[in-house]
Structure formats: C-alpha cells, structure tokens
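Comments concern the structure below.
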Amino acid sequence: MTHIDLKVKESKKISFWGSVISDFKRNQSIYALLIPAFIFCILFYYYPLFRGFIISIQDYALIGESSWAGLTHYKEILTDMDFWRSLKNTLVIGGGNLFFGFIIQVLLALLLNEVMQNKLKRFVQTIIYTPNLFSWVAISGIFISILAPDIGMVNMALKQMGLDTINFMTSEKWITAIFWFLNTWKTAGYGCIIYLAALTNIDPCLYEAARIDGAGRLKQVLHITIPGLYPTMKVVLMLNLIASLRMFSQSFILTNPSVVDKTEVVMTYTYKLGLQNFRMDYASAVAVVMLGIIGVLTLFYQFVVKKTER
Amino acid sequence: MNIQSQIDRTKGRQIFEIVNILFLFLVVASMVIPLLNTFALSFSSDMGSMSPTIVLWPKEFSIEGYVTLFEQVKIAKPIINNIVVTIAGTFLHVSLCTLTGYALSKEDFGAKRFFVAFILITMMVPLQNIMIPLYLLYKQLHLINSLWAIIVTNMITGYTVMLMKNFFESIPKSLGEAAYIDGAKELDLLFRVYLPLAKPGLATVTLFQFVEKWNHFMESVIFISDPKKYTLQVALKGLVVDSDASSSATFITKNAQMAGVVIAIIPLLLIYPFLQRYFLSGLMLGSTKG
C-alpha cells in the first residue's frame, strides 16, 4: 500500500519537474524575452523594498557597520509630532483632492454629455485635458504668477473691487485651498474623459425604456447615467486615493517656510529626513509605515465598495 | 395641458442648454486664460511684464525674457539634458516594456501567471516609497549625479507592460499562427507580424512616456545634486518658485520666468493636437499614477 503511494508521489514529482523543464525548453524564446524585466524588477523594485525594510530596523551607518535597532525607529514615529503633522496634511490635502476632483470630473462629464453639438464637445474636451499634460513645476509657475501678491491677475482684480490683496502662496489660511484648486484644475479633464468614455458604454435601450415610462431628462440622469458610472468611479477613486497618499511633487514644489505646517506631506517628510538630514534608518521606517497605511486604506476602500455593492 | 407641459419642458431644456454651454465656457476660460497670460507675459518686455495690469496680450512685445533665460539663467544646458533623458528614456522604456508585454501575451508557457503577478506587484512600489534604498543602490552603481539615474528609473513599469500585453492579446492569434507554420521564429513573428499591428498601442505608450519623462521631477530631486546635470523641471523650479519665494541674489523678471514655463510646456502642446486620439485611447486602456 505505502509502496504504491510512494510510487505515485514520486512519479508526480518527476512529471512536475519534467513538465517544468520541457515547458522551459519549448518556450525558451519567451523566457529569454522576460529576462531583462525579471532582472530589472528584482534589482530596482524588490531588492530596494527589502533593503528599505532592513534599514528601518537598523541603526544605519553611512560608513562602517550598522547595528540592529529592532523596532526603536517605529516607536519613535509614535511620538514624532512632525510625522503626525505630515500625515494629517496628507489626509487633508489628499482627501480634498479626491473629493473636489471627483465632483468636478463627474459633473463635467455629465454636462458635456448633454452638449449636442459634436464639434463643441470635442473642443471643450481638448482644452480641458491640456493641463494634465503639464508638469507640477510649470503649473506652479503659472499660478504663482497669477496669484502673485503685487502684480498677479487675481490680486489686481481684488484691488479693483476695493478688496485687500492676499499673498496666497504664503498664507496658511489659503494654501490648502490652493492645493485643492490646482489639483482639481490639473485632473479635471483627464477624469472627465474617462467618465465620458464610460457613458458611451451605457445601453441606449435603458434610456428608451425610461422615456417610454415618462421619465424626464433629470430622472434619466439620476437613475440611469449616474448608476452606469459606478464601476468607473470605483476604479478612478481607488487610483486617485493611492496617488493622493503618495503625493510628492506638488507639496515639494509649493512648500515654503511660511506654510510648511500645512503643506508638508509624508513623502516630502521622508525625503527631508532621509536624503537631506541623512537619517536613513528612521526615514525608511516612515516609508514602511506609509506603505502599510496605503495598504490598509486600499483594503478598507475595497471593503466599503464591496459592502455597498450588495 | 399635456402640450403645455411639453412646451415648458423644451423651454426649460433650452435654458438648461444655454446655461450649460456658458458654464462649460467658463471652465474652458479657466484653463485658457492662465495659459494666455503665461504666453503674453513671456513675450512682454522686462518693464511690461512687471507692470500691474491684467495681461492677456504681450505688453511691449519683445523677446527679452527669452534672452535673459538663455544668457543669464543659462537654461540651454538643462534643456539639452532634458531632451537627452526624454529621448533615451522613452526609447528604452518602450522597447523593454514592449518586449516584456509581448512575451506575457503568449498563452502557452507555464510560468505566465507567476510573471504577470511578479510585474503587477511592482506597481505597488513606486519611487516615493523606496527612495532611500534606491538612493543607496544608485550610489553603489555610480548613478548618482548621472543622467542615467533618470533614464533607468521606471525604465520598466507594470503599467506599460500590462498595456502592451493587453494590446498584443487583442491581436488575432490566427495571424501569428499562420506565420509560425510558414517557419517564422519568435522574433520574426514579433517584428514582422505583431509590431506592425501594434502601432497604435506603441504610439500611445510612447506618447505617455514622452510626457512622463519630459515632466520628470522627483527623480532629479532625489538623484541629482550637481547643477551641471540639472534637467529642465528642476532648473525651472529654481527659476519660478525659489527665486520668487526667497530673496535671491539675482532678480529675475517675470517675462523670463514665464518664458521658462513656455519652454517647458511647448513640446507637449505641439504634440498633443496631432496625436490626441492616441492620448484618448491610452486613457481608455488604463489609468494613471500620481
């Protein structure tokens, strides 16, 4: 009995490795094509990820031997007010970006969908997508100029209306709103076009049926168009959520000493700690914690989406 | 009664359409006016660009701003660096990701699921999260303060690989099989059959990467500290953000600042209208990153 069992197992084993080898021989050229990507991913994604974690549990020395530190750095994070401030800013700025971006993108898509003149529709689409092509530096440059305290367009207009001028870029009161505005301005067209594409996939029969039932235009939008966008919204919101949590450039460019309290986000804090102050071990711990937070929030988001689906 | 309500409805509809178009024009204006302002200021004279009026047309037309930019700010070197990394980076990125995507689009090899997962997972590990170990690795590879650092970063991304994989998978298998029976080798198949058919996909991916590389910023901030190796975005930040916020030694007029912005956005504006449909199809195929 056992003898037979053993034999079966063995033959299975051989056939497994045998099939691996024959698969490898048969598809040599495919595996050859995958070698560069395999090496690249190991070297530039997996190894740094692993090394980052190792550094975070060391007292990392730039020169010489590093010693183990256990969870000391992670404990330090708990009482590091600067970290909590940057996390709060990440959530406030990111949350606003997510919220306003979502509203504007969906609204624009719905409104554009009502435009019957195709040329006009295309024209608006073309224009509103352009800001998404520009770098954060270029966008910041444009708006620093427009919002400049003395000769900027907006402050000129305020002055003409008899109001006080505002130094937007150095005002703690205004800077968060400016961040939200710039992000919404940049991403409006991009999201709008994705939603518009999703709209074309909605079955026209649904509208016809609703019309026959006597539903007006607004009712059709509320009960057919918007529900038809749910699947796209889920994906776009999730990608934007992750992007918001990883924000770097916008904050890095627009942070200045007078608003740092409101604009420093976790990723720029990591940069400052690790690559300016060279506290690489502690900065790595912060990066690992942030990866964890992103993971948890993504899972939580998917959990909520699944719950609401039922 | 019924007829009356229908007339009301079409009237309401008309009003809605007018308001709608007005609103959309306002949105369009919010995107066009800042651009117009930027272009106008860049072509204004030094004095004209600093005068306190709302500028939508060049004030005292001149190219002083551009002259300052090239002679005093010495923007030529960063521009050349940017062109180098954009061309080399886009070329390497597209070729490597296409090869990988092509291999992954094949159906009959055993480790397909492993490799797909292996590459997908890398999308969860962007530069931001691994900048410190990556910095140390680049240091060992002598890539710090080299333009190669920017070319190598994100040379292969899960996003592009998956885009190309999906694209190749949408090409009918029968075409490849026919050529295979005629005795074509795997690489022949790729270059003679699949690549010509994948041109729209290649165009999309190339354009996205071109924009990405031209606009790259974080890589430069992290890996480059030698001013000779600065690329355009970093130089531009020094010009429009830093010189504005703090009191730097040299005062830079607004027309020069805006000229810098114009140089940074003009290549993108030039390629966009011609290739818009590829941009759109790319957006449909996938999504984006921060």
Rounded to the nearest 0.5 Å, what's the gap from CD1 on B:Ile156 to CZ on A:Phe38? Could you check? 12.0 Å
Using a 4.5 Å cut-off on heavy atoms from C-beta on, say whether the side chain of B:Ile132 contacts that of A:Tyr282. no
Of the backbone (N, CA, C, O) and the side chain (C-beta and beyond), which part of A:Leu111 lies under 4.5 Å from a heavy atom of chain B, both, or neither? both
So do A:Phe44 and B:Thr122 actually touch side chain to side chain, heavy atoms under 4.5 Å? no
Chi angles and distances behind the side-chain contact (heavy atoms from CB on, under 4.5 Å) call for B:Val241, A:Ile144: CA-CA 8 Å; B:Val241 184; A:Ile144 284 173; 3.9 Å; yes
Closest-packed option against chain B by number of heavy-atom pairs under 4.5 Å, given A:Thr170, A:Val115, A:Leu33, A:Ile30: A:Ile30
Over all heavy atoms of both residues, which pair between A:Tyr46 and B:Ala117 is shortest? Give the atoms and the distance, please. OH-O, 4.3 Å
Heavy-atom cut-off 4.5 Å, strictly under: side chain, backbone, both or neither for A:Leu218 against chain B? neither
Compare all side-chain heavy atoms of A:Leu34 with those of B:Phe118 and state whether any distance is below 4.5 angstrom. no
Residue selection (most heavy-atom pairs with chain A, distance under 4.5 Å) from B:Lys254, B:Met155, B:Met258: B:Lys254
Heavy-atom closest pair (B:Pro133 atom, A:Gly52 atom, distance to 0.1 Å) is CG-CA, 3.7 Å
What residue, out of A:Ser145, A:Ala32, A:Ala37, has the most heavy-atom pairs lying under 4.5 Å from chain B? A:Ser145
Residue B:Gln233 versus chain A: region with a heavy atom under 4.5 Å: both
Any donor and acceptor pair, going by atom type alone, linking the side chain of B:Gln128 with main-chain N or O of A:Arg246 inside 3.5 Å? yes
Measuring from A:Phe181:CZ to B:Ser30:OG, what's the distance to the nearest 0.5 Å? 6.0 Å
Report yes if the side chains of A:Phe252 and B:Lys237 come closer than 4.5 Å at any heavy-atom pair, otherwise no. yes
Look only at the side chain of A:Tyr45 and the backbone of B:Met124, and say whether a donor-acceptor pair between them is shorter than 3.5 Å. no
Contact winner vs chain A - B:Val161, B:Ile121, B:Val32, B:Ile119, heavy-atom pairs under 4.5 Å: B:Ile121
For A:Phe24, which atoms come within 4.5 Å of any heavy atom of chain B: side chain, backbone, both, or neither? neither
With only heavy atoms counted, which part of B:Phe114 is less than 4.5 Å from chain A, the side chain, the backbone, both or neither? side chain
Looking only at A:Ile151, A:Thr298, A:Thr270, the option with the highest number of non-hydrogen pairs under 4.5 Å against chain B is A:Ile151
Hey, what do you get for CD (A:Glu114) to CZ (B:Phe16), rounding to the nearest 0.5 Å? 5.0 Å
Starting from the C-alpha separation in whole Å, work towards a yes-or-no answer on side-chain contact (heavy atoms from CB on, under 4.5 Å) for A:Phe248 and B:Leu127. CA-CA 10 Å; A:Phe248 179 87; B:Leu127 175 59; over 6 Å; no
So, the part of A:Phe134 with a heavy atom under 4.5 Å from chain B: the answer is both
For the interface with chain B, which of A:Ser284, A:Ala138, A:Gly152 has the highest count of heavy-atom pairs at distances below 4.5 Å? A:Ala138
Top residue by heavy-atom pair count (under 4.5 Å) with chain A, among B:Val262, B:Leu24, B:Leu104, B:Asn129? B:Asn129
Return the CD1 to CE distance between A:Ile242 and B:Met123, rounded to the nearest 0.5 Å. 9.0 Å
For the residue pair B:Asn20 and A:Leu112, establish whether any side-chain heavy-atom pair is separated by less than 4.5 Å. no
Option that, when pairs with chain B are counted at under 4.5 Å, heavy atom only, ranks first among A:Ile42, A:Val20, A:Leu291: A:Leu291
Beyond-backbone contact of B:Tyr272 with A:Thr126, side-chain heavy atoms, under 4.5 angstrom: yes
Under the 3.5 angstrom rule, does the side chain of B:Asn215 hit a backbone N or O of A:Trp136 as a donor-acceptor pair? no
Is it the side chain or the backbone of A:Leu275 that comes within 4.5 Å of chain B heavy atoms, both, or neither? side chain
B:Leu137 and A:Leu43 have their tightest heavy-atom pair at CD2-O, 3.3 Å
How close do A:Ala188 and B:Met31 get, heavy atom to heavy atom, and via which atoms? CB-CE, 4.3 Å
Give the minimum heavy-atom separation between A:Tyr60 and B:Leu136, together with the two atoms involved. OH-CD1, 3.5 Å
Given the options B:Val221, B:Ile33, B:Ile21, B:Val234, which has more heavy-atom pairs under 4.5 Å with chain A than any of the others? B:Val221
Pairwise side-chain contact, B:Ile265 with A:Leu133, heavy-atom cut-off 4.5 Å (strictly under): no
Beyond-backbone contact of B:Val27 with A:Ile104, side-chain heavy atoms, under 4.5 angstrom: no
Is there a donor-acceptor pair closer than 3.5 Å between any side-chain N or O of A:Tyr31 and the backbone N or O of B:Ala111? yes
So for A:Pro131, is it side chain, backbone, both, or neither that comes closer than 4.5 Å to the heavy atoms of chain B? side chain
Return yes when atom CZ of A:Phe278 has more than 12 non-hydrogen atoms of other residues, nucleotides or ligands closer than 6.0 Å, and no otherwise. yes
Return the option, out of B:Leu232, B:Leu41, B:Leu35, with the maximum number of heavy-atom pairs under 4.5 Å with chain A. B:Leu35
Identify which of B:Thr153, B:Leu96, B:Ile222 forms the greatest number of heavy-atom pairs closer than 4.5 Å to chain A. B:Ile222
Heavy-atom contact with chain A under 4.5 Å, split by part of B:Phe115: side chain
To the nearest 0.5 Å, atom CG of B:Leu134 lies from atom CZ of A:Arg51 at 10.0 Å
Roughly how far apart are B:Phe23 CZ and A:Leu108 CG, rounded to 0.5 Å? 6.0 Å
I need the minimum non-hydrogen distance between B:Val261 and A:Gly141, along with the two atoms involved. CG2-CA, 4.3 Å
Which answer fits A:Met116, side chain, backbone, both or neither, if we ask what part of it has an atom under 4.5 Å from a heavy atom of chain B? side chain
Checking B:Thr38 against chain A: side chain, backbone, both or neither under 4.5 Å from a heavy atom? side chain
